[in-house]
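First comes the structure, then the notes that go with it.
Remember, it's 1-based here, ligands and their atoms both numbered in the order they're listed. In this text, all values refer to a predicted model and were calculated from it rather than measured experimentally.
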Amino acid sequence: MSVWMGMPAFPDAARKALADSQLRANLRAATGTIRAKRAAVVAERADWPELRAAGRAIKDRALRDLDNHLSLLAERVTAAGGVVHWARDAAEANRTVVGLVRAAGAAEVVKVKSMATQEIELNEALAAAGIAAYETDLAELIVQLGHDRPSHILVPAIHRNRTQIRDLFRRTMPEAPPDLTDDPEALAAAAREHLRRKFLAARVAVSGANFAVAETGALVVVESEGNGRMCLTLPEVLISVVGIEKVIPTWTDLEVMLQLLPRSSTGERMNPYTSVWRGVRPGDGPREFHLVLLDNGRTDALADEVGRDALRCIRCSACLNVCPVYERAGGHAYGSVYPGPIGAILTPQLRGVDADPVSRTLPYASTLCGACYEVCPVLIDIPRSLVHLRAKVVDVHRGTPSAERAAMTLAAKTFASPRRFALAQRLVRFGARLLRRTRLPGPHSGWTDARDIPPPPDHTFREWWATRTDTPVVDHATRERARLDSGTGAPERDGPREDHARGAGGELGAGNDVVLGPGGAEVLARVRSALGSAREDVEVPREYAHAVEDDVDVVALFAERAADYRAVVRRVAGDGGGTAAAAAVGQALRELGAASVVVPDDLPAELLSQVDGVVLRDRGDLTVDALDRVDAVLTGCAVAVAETGTIVLDAGTGQGRRALSLVPDAHVCVVRAGQVVGTVPEAVAATAGADVLTWVSGPSATSDIELHRVEGVHGPRTLVIVLVD
Ligand code: SF4
């Protein structure tokens, strides 16, 4: 994985960053804002602890049986028409992607924000092969145009303010108007214009994925701007590079992850868009789908019983936003694509704790205050991992002479003997009184730059204790010796664990050979070796809420929450014949000024009875350019979620293919009251088995410029919901 070339050790990089007062101000404002948003939406959930416990168990369950889940995922993706590739390291992943792009005859690709592809430096590998890669997430675009580096997981350009972005766009974007202002709306519009043609013309897209569901072979991408939907839907070939730790065992597990991630990440009940797809769907989306499953050091982390916790990470960035070290030093100081507390434990494990100065020093980039653990949605005990990694760094250098090591050896000998310890205390007290210094000399002076040496106490604790009680002071070593002498035996250890190791072929039979290949066989062998025989069957506690309270009016709640996320909601009475709904649809389109509207071919005709403009029926024959010229799209949906104000489209009756509800600038969606469910778990259950899903919560949006929310980026700028009782 990539540690950025030439990056100094964390202390040096942090010192430089601390001198940048503008950076510190940007970070303070941004992290404070996201913290407050997250706290507000988390506080809405009384069952947040239960959701976190479930999230941890789901990821642990996946990791403790990773080889079997990966095998199943590969089999399901293949069965759904996808092609699975395995990459043992970054070079193999890059070779695979370059080969696929060349085979598609493309000279450029559009990209969805993906940390895995940054980790393997895919853009650089593509450039070396003469292939241009265009980042399409607004923040990633800013980073790419500025030849810069991301500094935050969620808002990679958090270190840039709006004026800097305006100047960058003026300099690097041919489409940007010369009088472009630093208004975030204008900047987002310029980015939309810049990327629009690329989206519509791209033949190949590259993405990552937030989750990969082993049970169904579904991939899940969670995003806000609609650039993800554009990349996942419009090109002919889709290549998804996904770390092997992104697998989750079952479809039901999504009901937990889709609640934990948005609230922890953007501080929303639900992010604007979530795309789910399985393999290839004829007539809807890419004709080819390639899944590249990436190891690149993950199996090394898996082999470490403490360090493997980091593989639970769902990249929400909540730990960054509460970290006092990150808030002051910023993301670049962490020297790799993974900044903040998660980077401090992930980078050294993927690279090796002694691989370079960055990896060696990152475990110390923390005060161990524990704030990261408090907010982590999957309960990663980052401080515990940091201490563990510090011990590993020390172990690597054990035996190398140094002044610190000599001092520690002396201290260890002193602390190991009560007699020596008491003698040392007396010597220190005597010396301090004699010298009467408040500062330490020489290389130790740093300790006393900002504080004085306290005067030594008149008595040590032991001396004080001896004057007040007859109880002898018994040290731990003496107690332990006595316990052993009394024959009570060694301290208890964990009981023997059941050996659940599978055979070399896993549980899935002959199908494995078809989808594995040599790369897959080796990755799975590494996983098995990392897990050894100490497998555990992890139970997932599902004590979180599955339904809203009985007295909640879910339809009213849906209307309220959808409006919260800036959808325009028109609630009309159902009249059996659909006249009221048709009137509301006609009215909505008139207010949008839509002279043309595209509809799925199977949309009920009565909904169009009061539409004034041109109506195009899509039979799968409209080109993307034709869709781009249409003013609006009218669809139904599969289900709507009250607690998050989300509509879910599954490409079923009256919904059409995914491009339909994506390319036109306004989306009018008819939702029947009977389609509204209360919660995310109910919606996940209702859509099990779907080949494609698009979860939509309001219009597309970005907060990538100084966290100022701008509606309408690449997806429709307006969402109108006609809610029919
Ligand atoms: S470690 Fe936890 S809080 Fe930090 S990014 Fe990962 S999941 Fe989020």
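- Nearest to atom 4 (Fe) of ligand 1 among the protein's heavy atoms is Cys319 SG, 2.3 Å.
- At a cut-off of 2.8 Å, Cys316 is not counted among the residues with an N, O or S atom near atom 6 (Fe) of ligand 1.
- Applying the 4.0 Å criterion to heavy atoms of Pro377 picks out, from ligand 1, the atoms 2 (Fe), 3 (S), 7 (S), 8 (Fe).
- Nearest protein neighbour of atom 6 (Fe) of ligand 1, counting heavy atoms only, is Cys313 SG, 2.3 Å.
- Exactly one of Lys59, Arg61, Arg542 qualifies for a side-chain hydrogen bond (donor to acceptor under 3.5 Å, both in side chains) with Asp253. That residue is Arg542.
- In this structure, atom 2 (Fe) of ligand 1 lies nearest to the protein heavy atom Cys376 SG, 2.4 Å.
- A donor-acceptor pair shorter than 3.5 Å can be found between the side chains of His159 and Asp148.
- No donor-acceptor contact under 3.5 angstrom links the side chains of Thr252 and Glu255, judged on distance only.
- Side-chain contact of Glu119 with Asn296: a donor-acceptor pair under 3.5 Å is present, judged by distance alone.
- Taking the six-membered ring for Trp and the full ring otherwise, the centers of Tyr334 and Phe10 sit less than 6.0 Å from each other.
- Using a 4.0 Å cutoff on heavy atoms, Val375 does not count as a contact of ligand 1.
- Shown in contact with Ser317 at under 4.0 Å from a heavy atom are these atoms of ligand 1, numbered in order with element: 5 (S), 8 (Fe).
- Closest to atom 7 (S) of ligand 1, if we only count protein heavy atoms, is Ile314 N, 3.4 Å.
- Thr347 and Ser336 share a donor-acceptor pair across their side chains, judged by distance under 3.5 Å alone.
- Between Trp277 and Phe289, the gap from one ring centroid to the other is short of 6.0 Å.
- Contacts with ligand 1 closer than 4.0 Å are made by side-chain heavy atoms of Ile380 only, the backbone lying farther away.
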